[in-house]
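Written below as structure tokens is the structure these notes are about.
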Amino acid sequence: MNTTYSAIAVAAVALATLGIGLFGLRFSRTTSDFFVASRSVSPLWNSSAIGGEYLSAASYLGIAGLILTFGADMVWFPVGWTAGYLVLLAFVAAPLRRSGAYTLPDFTQMRVQSTAARGVASMLVVVIGWLYLMPQFQGAGLVLHTVIGAPAWVGSVLVAVIVVINVVSGGMRSITFVQAFQYWLKLTALLVPLVFLLHAWTEDGRPTPSDAGASAAWLSPVAADTGLGLSMYATYSLIFATFLGTMGLPHVVVRFYTNPDGRAARRTTLLVLALLGVFYLMPTAYGVIGRVYAGDLVDTGETDIVVLELPMRMIGGTLGEVLGALLTAGAFAAFLSTSSGVTMSLAGVLAQGPLARRVLGPVAGLRVGAALGILVPLGLALVSGRIAVASSVGFAFAVAASTFCPLLVLGIWWPRLTAPGAIAGMLAGGFGAGGAVVAAIVRGSDEGWLDQLLSRPAAWSMPLALATMVLVSLATQSRRPSNVRRTMVRLHSPERLRLDRADADGISRPDPPRG
Amino acid sequence: MQEIDEETEIGEVYMRSLIRSQLRLALIVSVVVALLVGGLPILFVLVDLDALQVGPVPLPWWILGAAVYPVLFVIGWVFVAASERNERAFSDLVERP
């Protein structure tokens, strides 16, 4: 592969990201600017930003790679990652915005009035964030290694450095600009080459995956070769993790605070459903075409690069190189946008820790938090072995579904949730899902029942967390926060009404009355 | 609105009815999604759609890879309209002079 075009593409994305980020610096002056862009972002900007942040390397490269390897059952990943926003819209979007908190730990403390519960939530944000960041860094290393032959650590370190500069310089406001730009860049970068690839495929006589030797198990959405029960468990556990995990991802939730009110939060989420639906048509197409023209990648284990390989294999020449460079640019945008979003939310949580608040002040705390939040996953990415990027991101979803999903849903809809219940439930789900994921990584894959229960834990760990949260709350009703009625008014009443939604915990910042 | 601010019984009833109607709506949405999308794996087991080739791949690929997304969007659209209607009804109720 010619390296010049791809190197130029990567440099252009890096510079554009930094440029837009620094442009945002001129606007962000106050602490509120820094954290949530002063809550003045319109639904279209916000939903593009959510899309840009959410569509990570797992969506851009990973899905096509998994489809190439395993076939139709992997199409559940993008379906679940979209449907997760519908569940989020139905249960969480507007009340979460109305809660007025900056982060998931803020929400936890606001709702159950406990600093201990806040601490547990903060730890979970950091764990989920690290699980999410590690594969992004590994993927960046792989891409730079493939397209310009750089050693694997170069890509990982490059992405980490750009992200830290971005977060440190502008905070959330600049990230909103950057993220919105990244969605449209990623969409274009997948769409334009796909048009050329489909043309080349038609010229070639439209060979199907079966013509290229795809098996019946690859073509079928129910993999019969591992046994029906096991295959159904795996599919439903994936559905559980993705449908319910989306609302618990720290970098997704933080975006809702930038909406002006609860109604805008809903409309933003609806737009996100549309943007994701359009985007996710394409990875599946790449996976299917990849099965026809790049089936040999399965043997090398480097299926994550199938999207980048196709233009050279099917078209070649200068056009193939330029299209390959465009795809590489999109992939790099994916690494930068997701890593920026996750790092921002980690930094936000670390900055609000007691040490940072007292010693450093909020803005300096955010900057130190960003650097701290990124070093650990970068180190893990450099030393650990490679896992397919979409599978690794799947672990983060399983932990999020087993911890923050029950916390948010019960917190918003069930006045009897107590602090001990919230803590016990988060710990049960966190240790359950987290322990299973660690065990799965250590054990390695053998396709048996135990392997599936450990590597796809959500179907049992989420109900476990939910049940624990409900039962412990019922047993500790005396610990119900005294202001829970007021909290419910705040979460559910439209902002238009001039109701008293003040809160005593010192975190809340009541909105100015609206006409 | 005074009723809600002063946490009187009538304010509590208004608030509880808003929360109930919004929760009912959210639960209906999740049941619809569970049946339409969550039911697909069972459908694929019960009915052998793999034999129906549409273009390069069997029919289930088109259902999962494309048809699901507009369905999700339409469900979301209906939900947003219905939840805003619930909030309007609540506002009208508490703003009555």
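Just so it is clear: chains get the letters A, B, ... in the order the sequence lines come, proteins before strands, and each one is counted from 1. Remember, predicted model here, so these are calculated numbers, not experimental data.
For a residue to count as touching a neighbouring chain, one of its non-hydrogen atoms must lie under 4.5 Å from one of that chain's; by this rule A/Arg266 touches chain B with backbone and side chain alike. Using a 4.5 Å cut-off between heavy atoms, B/Val37 contacts chain A through both its backbone and its side chain. B/Leu18 touches chain A through its side chain: at least one heavy atom from C-beta onward sits under 4.5 Å away, while N, CA, C and O do not. With a 4.5 angstrom heavy-atom cutoff, B/Ile42 touches chain A via backbone and side-chain atoms both. Neither the backbone nor the side chain of A/Tyr85 has a heavy atom closer than 4.5 Å to any heavy atom of chain B. Interface residue B/Ser30: only side-chain heavy atoms are found under 4.5 Å from chain A. Heavy atoms of B/Leu27 lying under 4.5 Å from chain A belong to its backbone as well as its side chain. For A/Val79, the parts sitting under 4.5 Å from any heavy atom of chain B are the backbone and the side chain alike. Contacts of B/Val33 with chain A are made by side-chain atoms alone, with heavy-atom separations under 4.5 Å and no backbone atom involved. Only the side chain of A/Ile239 comes within contact range of chain B, with at least one heavy atom under 4.5 Å from a heavy atom of that chain. Proximity to chain B is absent for every atom of A/Leu491, based on heavy atoms less than 4.5 angstrom apart. Contact of B/Trp77 with chain A is made through backbone and side chain together, with heavy-atom distances under 4.5 Å.
With a 4.5 Å cut-off on side-chain heavy atoms, A/Leu86 and B/Ile75 count as touching. Residues B/Asp50 and A/Pro221 are in side-chain contact: their nearest non-hydrogen atoms beyond the backbone lie under 4.5 Å apart. The shortest side-chain heavy-atom distance between B/Phe44 and A/Ser220 does not fall under the 4.5 Å cut-off.
We find that B/Glu12 and A/Arg486 are not joined by a salt bridge, their nearest charged nitrogen and carboxylate oxygen being 4.0 Å or further apart.
Around CH2 of B/Trp62, the count of heavy atoms belonging to other residues, nucleotides or ligands within 6.0 Å does not exceed 12.
Most heavy-atom pairs under 4.5 Å with chain B: of the set A/Arg291, A/Met488, A/Arg267, this distinction falls to A/Arg267. Taking A/Leu270, A/Val75, A/Thr284, A/Leu273 one by one and counting their heavy-atom pairs under 4.5 Å with chain B, the maximum is reached by A/Leu270. For the set B/Ile63, B/Leu25, B/Val45, the entry with the most heavy-atom pairs within less than 4.5 Å of chain A is B/Val45. Chain A forms the most heavy-atom pairs under 4.5 Å with one residue out of B/Val68, B/Leu23, B/Leu40, and that residue is B/Leu23. Chosen from B/Pro70, B/Ser91, B/Pro58, the residue pairing most often with chain A at heavy-atom distances under 4.5 Å is B/Ser91.
To the nearest 0.5 angstrom, B/Gln53 atom CD is 5.0 Å from A/Ser210 atom OG. The distance from atom OG of A/Ser493 to atom CD1 of B/Ile19, rounded to the nearest 0.5 Å, is 9.0 Å. Separation of atoms NE2 (A/His492) and OG (B/Ser83) is listed at 12.5 Å; rounding is to 0.5 Å. The structure places CG of A/Leu89 at 5.0 Å from CZ of B/Phe79, a figure rounded to the nearest 0.5 Å.
Here the shortest heavy-atom pairing between A/Leu281 and B/Ala66 reads CD2-CA, 3.7 Å. For A/Ala90 against B/Val29, the heavy-atom pair with the smallest separation is CB-CG1, 4.0 Å.
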Query raised in the report: Can A/Trp218 and B/Trp61 be said to form a ring pair (Phe, Tyr, Trp, His ring centres under 6.0 Å), step by step?
Result: CA-CA 11 Å; A/Trp218 189 87; B/Trp61 284 80; 5.1 Å; yes
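With hydrogens and angles disregarded, a donor-acceptor distance shorter than 3.5 Å links the side chain of A/Tyr236 to the backbone of B/Gly38.
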